Amino acid sequence: MGVHLIKLPDVGEGVAEAEVVEWLVKDGQNVTEDQVLASVMTDKATVEIPSPVEGRIIWLGASIGEIVAVGSPLIRIEIDGEGNDDGKAIGDTPAPASTLSPAEAMEPLPTSFSAAQPIASKTATKAPAENSRESNGNGHDVSASLQVSQTLPFPTASGAPRPEGEAPLASPAVRRRALDAGVDLRRVTGSGPAGRIVHEDLDRFFERGSATSVSRGTVRQPRTGVEEIPVIGLRRKIAEKMATSKSRIPHITYVDEIDVTSLEDLRQDLNRSKRDDQTKLTLLPFLMQAMVRAIDEQPLLNAHFDDEAGVIKRHAGMHMGVAAQTDAGLVVPVIKHVEALGLWQCAGEVARLANAAKDGKASRDELTGSTITITSLGALGGVVTTPVINYPEVAIIGVNKMQVLPRWDGNQFVPRKVMNLSSSFDHRVIDGWNAAVFVQRIKSLLESPATIFIEE
């Protein structure tokens, strides 16, 4: 018997390290050749690590969320025959390998967010102290990866309720505190003279009894506990990217309303007459074509700003990132060379890359290299947003939801389909005047959609 050591491979040019985001095997598990063992994430993309041999897992060298350098020991597999491991590359103590999936580990706290698709948080309770340490099946403790404070239900308050109509004795301060907490004082046993309820009685009631709402007659329980959720994988990359963008780019956001009534009529007519092999048109392909025309007139919008070198890199090719929401978080697949694509080709590429991103199958090349980005929340787009620029780009175009609103045509109010474009620009590179000219050029093209396709 021998041991085969797998080190973190060189997963891309210029990549020095990667984050372990998922283990697909555990200690003691038998694996076959070419079986995927783990997924690691770099700044570029998520990469799967396959097994080059058949054998049994005996060591996992990192926990989920851990950053591993290229060339570092990652997995040991016991195999028949001679292995490649002399045991000198690895310490005696294995690193814990959590079996939490990236979706579970990155699940957000139960609060509302303005942009990302909502993900419901899970409620977890710990067992008694002697059994509170959990194992992931590999013999490794995972309690450090997900810590949940214990929350116990309140027992029913002791003591019979006061008779109907009998007012409990309490000071104004106690009554105010009980009212604020939604407590029926008739449920509280008083320890003061003549059964008067004092603050200590309320304290004891909160500790042992449920708070009954006076106004609604419903039983409610205060919530306690704090859930600690590791920020790993794609969520960590998103956080780092957003922090970099907001800390290094002075944003200016410009909002303008667009009447898309004629555009919607054209879009629906084209979809009714499309071929079976053509992708159904959404608003995005029209917007992309309009942006090509507008960028031709203002090419500085299609650029990267290298603020460390003090150089603006203006790109000839228009590579448009289209932000897509996935179960793991926001990713930006890139449609390359939009200036060379037609309307239906844009629609096909948007649909193909969006599906690949949601399925986690988009390649590194398909997720990198954008020169300007479009972001849209679809029907949830709200009236106005303030999109964050995809660093190091200098502009991002935000699409808000479409609404039917009354608009004055010179004689009367008529229903029109309108939406806002909320677009942000790097104010170091793009002046407010140029930003307004750019958005208004897109506006004029979308409001008269036939002009998008007129060649100068």
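Bear in mind that the values here come from a model prediction, so they are computed numbers and not experimental data. Note: hydrogens, waters and symmetry copies are ignored here, and every other heavy atom, side chains too, is used.
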Applying side chain to side chain donor-acceptor pair (under 3.5 Å) to T371 and E393, what does each step give before you reach the verdict? CA-CA 6 Å; T371 56; E393 297 167 20; over 6 Å; no
Could you note down all residue pairs passing salt bridge (Lys or Arg N to Asp or Glu O under 4.0 Å) where residues 394-417 supplies at least one of them, sequence neighbours left out? E257-R407, D259-R416
Shortest non-hydrogen contact from [X] toward [Y]:
X: E66; Y: G61; value: OE2-O, 4.4 Å
X: L330; Y: A324; value: CD1-O, 3.5 Å
X: D27; Y: I58; value: OD1-C, 4.1 Å
X: Q345; Y: A340; value: OE1-O, 4.1 Å
X: L446; Y: A290; value: CD2-CB, 3.9 Å
X: V21; Y: G233; value: CG1-CA, 3.4 Å

Is there a donor-acceptor pair closer than 3.5 Å between any side-chain N or O of [X] and the backbone N or O of [Y]?
X: W344; Y: K280; answer: no
X: Q268; Y: D265; answer: no
X: Q298; Y: F438; answer: yes
X: S448; Y: L445; answer: no
X: R314; Y: L301; answer: no
X: S245; Y: K241; answer: no
X: S247; Y: A243; answer: yes
X: H304; Y: S370; answer: yes
X: E297; Y: A294; answer: no
X: N355; Y: A351; answer: yes

Kindly compute the distance separating [atom1] ([X]) from [atom2] ([Y]), expressed to the nearest 0.5 Å.
X: L24; Y: I49; atom1: CG; atom2: CD1; value: 10.5 Å
X: I397; Y: T375; atom1: CD1; atom2: OG1; value: 10.5 Å
X: Y254; Y: S424; atom1: OH; atom2: OG; value: 13.5 Å
X: C346; Y: M320; atom1: SG; atom2: CE; value: 7.5 Å
X: I452; Y: L263; atom1: CD1; atom2: CG; value: 6.5 Å
X: E22; Y: I232; atom1: CD; atom2: CD1; value: 10.0 Å

Is the shortest side-chain heavy-atom distance between [X] and [Y] below 4.5 Å?
X: H4; Y: R76; value: no
X: K336; Y: E349; value: no
X: L60; Y: I75; value: yes
X: S423; Y: I396; value: no
X: N420; Y: V255; value: yes
X: P333; Y: E366; value: no
X: T385; Y: N400; value: yes
X: F453; Y: F286; value: yes

Given I335 and H319, is the side-chain contact (heavy atoms from CB on, under 4.5 Å) satisfied, shown in steps? CA-CA 6 Å; I335 294 87; H319 311 313; over 6 Å; no
Candidate pair I57 and V31, rule side-chain contact (heavy atoms from CB on, under 4.5 Å), full reasoning: CA-CA 7 Å; I57 301 292; V31 297; 3.9 Å; yes
Go through the steps for D307 and Y391 under the test side chain to side chain donor-acceptor pair (under 3.5 Å), then give the verdict. CA-CA 10 Å; D307 48 1; Y391 179 88; 3.1 Å; yes
Inspect the surroundings of CH2 in W433 and state if more than 12 heavy atoms from other residues, nucleotides or ligands are less than 6.0 Å away. no
With a cut-off of 6.0 Å (strictly less than), are more than 12 heavy atoms of other residues, nucleotides or ligands near NZ of K313? no
Are T253 and T386 close enough, and set up right, to give a side chain to side chain donor-acceptor pair (under 3.5 Å), and what steps lead you there? CA-CA 6 Å; T253 299; T386 55; 5.5 Å; no
Between R272 and D269, is there a salt bridge with N-O shorter than 4.0 Å? yes
Intermediate values then yes/no, side chain to side chain donor-acceptor pair (under 3.5 Å), E447 and S262: CA-CA 7 Å; E447 289 186 339; S262 298; over 6 Å; no
Pair M419-V399, side-chain contact (heavy atoms from CB on, under 4.5 Å): steps then yes or no: CA-CA 8 Å; M419 71 173 193; V399 180; 3.9 Å; yes
For D359 and K361, run salt bridge (charged side-chain N to carboxylate O under 4.0 Å, His left out): C-alpha distance rounded to whole Å, both residues' side-chain angles, the deciding distance at 0.1 Å, then the answer. CA-CA 5 Å; D359 294 338; K361 297 179 180 179; 5.2 Å; no
One pair to check against side-chain contact (heavy atoms from CB on, under 4.5 Å): T373 and V322. What are the steps and the verdict? CA-CA 6 Å; T373 296; V322 179; over 6 Å; no
H427 ring center within less than 6.0 Å of H251 ring center: no
